[in-house]
J.: 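Below you will find the structure I want to go over with you.
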Amino acid sequence: MENKTIKRIAVLTSGGDAPGMNAAIRAVVRAGFYYNLEMFGIYRGYEGMIQNEIKKLESKNIAHVLERGGTFLKSARSAEFRTEEGRKKAYDNLKKHGIDALVVIGGDGSLTGAHLFYKEYGIPAIGLPGTIDNDLAGTDLTIGFDTACNTAIQAIDKIRDTATSHDRLFFVEVMGRDAGFIAINAGIGSAAAATLIPEKKMPIERLIERLKARTKAMKTSNIVIVAEGGKSGGATEIAEKIKKQLPYYDIKVTILGHLQRGGAPSSSDRVLASKLGVAAVEGLIHGKYDVMAGVINNKVVYTPIAKAILGDKEVDEDDFRVAKILST
Ligand code: F6P
């Protein structure tokens, strides 16, 4: 049923930025205009909500942003929004602008904020999964994940060239916080010798066996992908352990870091962000609150935020199996 009370929607991006956030903002704003709503942008995420950095958005504000990385609304991680006083200030600012609904684009921390805010103040809010980590349930893919994987794979291709020229063993660390989604994709997509992810134990001895077997098979260079959140440490720590046991290997470490967060969004991220931006506005109009819009099997679905942020989305066993088969 159409909810007649929503006239003014504000959109914000929060937490780590992700390619495709601009495309999502644009879609939210365009869809709002399509349904004759007034649209507002909150700059610098929840921090900007507390500091009253809220501006009305016009068509010109969203021209030529779809293709750009980052977020023109800027992003922040707000410690103050975690306090009741901070959320009260934020609520008062929303009321000053007559805002009656929110679209929050971000990862689990950002969606947790929206959930809490809805519970405390009843502000209708919809979340969009905007994170390179792909660690939110309720969607097959998060906005930014595909681009980040492409960026990682392109970088690893370059590392492969120099690794091959010098017969070296490279440990390449990729982002993902506590999740191995980027790592597993990067491992499959770059023919890695091994992929270490937080979700699966890989004893150092097994990695050593694999490297020795590859040497026997006349493979003179190796790339090992290490997810940053692994329990045995990051790429540097793993490389040190291996160096002790295989001192004759010429070992190098590359940490891809924040370059994975930048760049123009891929076609897949642009389309995902655009679909979800429209879904957010239509969801709010139809009274869907405190949910995250996602895409499962190419269909838009709305999942309670409390469920999306549980942290129980798992790397596909089959992806892990494929990575293993192809690295031996
Ligand atoms: O959540 C996105 C992400 O890039 C993670 O992969 C990474 O662990 C974290 O953010 C880095 O955060 P920051 O940019 O605050 O250092």
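Heads up: numbering here begins at 1 and tracks the sequence. Read the numbers this way: they start at 1 and go in the same order the structure lists the ligands and their atoms. What you see is a predicted model; the values in this text were computed from it and never measured.
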J.: Going by the order shown, which atoms of ligand 1 are within less than 4.0 Å of some heavy atom of Glu228?
T.: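 In order of numbering, the contacting atoms are 5 (C), 6 (O), 7 (C), 8 (O).
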J.: Tell me the protein heavy atom at minimum distance from atom 9 (C) of ligand 1, and give that distance in Å.
T.: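 Protein heavy atom with the smallest distance to atom 9 (C) of ligand 1: Arg177 NH2, 3.6 Å.
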J.: Does Arg77 come within less than 4.0 Å of ligand 1, judged by its heavy atoms?
T.: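 Yes, Arg77 has heavy atoms under 4.0 Å from ligand 1.
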J.: Could you tell me the residue and atom name of the protein heavy atom closest to atom 11 (C) of ligand 1, and the distance to it rounded to 0.1 Å?
T.: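 Ranking protein heavy atoms by distance from atom 11 (C) of ligand 1, first comes Arg261 NH1, 3.6 Å.
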J.: What's the shortest heavy-atom distance between Asn134 and Asp140, and which atoms?
T.: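 Taking Asn134 first and Asp140 second, the nearest heavy atoms are OD1-O, 3.4 Å.
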J.: Between Tyr46 and Glu80, do the side chains contain an N or O donor and an N or O acceptor separated by less than 3.5 Å?
T.: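 There is no such pair between these side chains.
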J.: Is it the case that ligand 1 has an N or O less than 3.5 angstrom from some N or O of Gly176?
T.: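 Checking ligand 1 against Gly176, an N or O pair does fall under 3.5 Å apart.
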J.: Closest non-hydrogen protein atom to atom 16 (O) of ligand 1, residue and atom name please, with distance?
T.: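 Nearest protein contact, heavy atoms only, for atom 16 (O) of ligand 1 is His258 NE2, 3.3 Å.
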J.: Cation-pi check for Phe181 against Lys313: NZ or CZ below 6.0 Å from the six-membered ring centre and within 45 degrees of the axis, yes or no?
T.: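 Checked: cation-pi criterion met.
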J.: Going by atom types alone, do Arg30 and Ser59 pair a side-chain donor with an acceptor below 3.5 Å?
T.: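 A pair is found: one side chain offers a donor N or O, the other an acceptor, under 3.5 Å apart.
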J.: Report the relative orientation of the aromatic rings in Tyr121 and Tyr91; use parallel for angles under 30°, tilted for 30 to 60°, perpendicular for over 60°.
T.: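 Geometry flag for Tyr91 against Tyr121: parallel rings.
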J.: At less than 4.0 angstrom from any non-hydrogen atom of Met175, what atoms of ligand 1 do you find?
T.: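 Those of ligand 1 that fall under 4.0 Å from Met175 are 4 (O), 6 (O).
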J.: Would you indicate whether Lys219, at its atom NZ, is surrounded by more than 12 heavy atoms from other residues, nucleotides or ligands within a distance under 6.0 Å?
T.: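 More than 12 within 6.0 Å, yes.
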J.: Which residue and non-hydrogen atom of the protein lie closest to atom 2 (C) of ligand 1, and at what distance in Å?
T.: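 Ranked first by proximity to atom 2 (C) of ligand 1 is Asp133 OD2, 3.3 Å.
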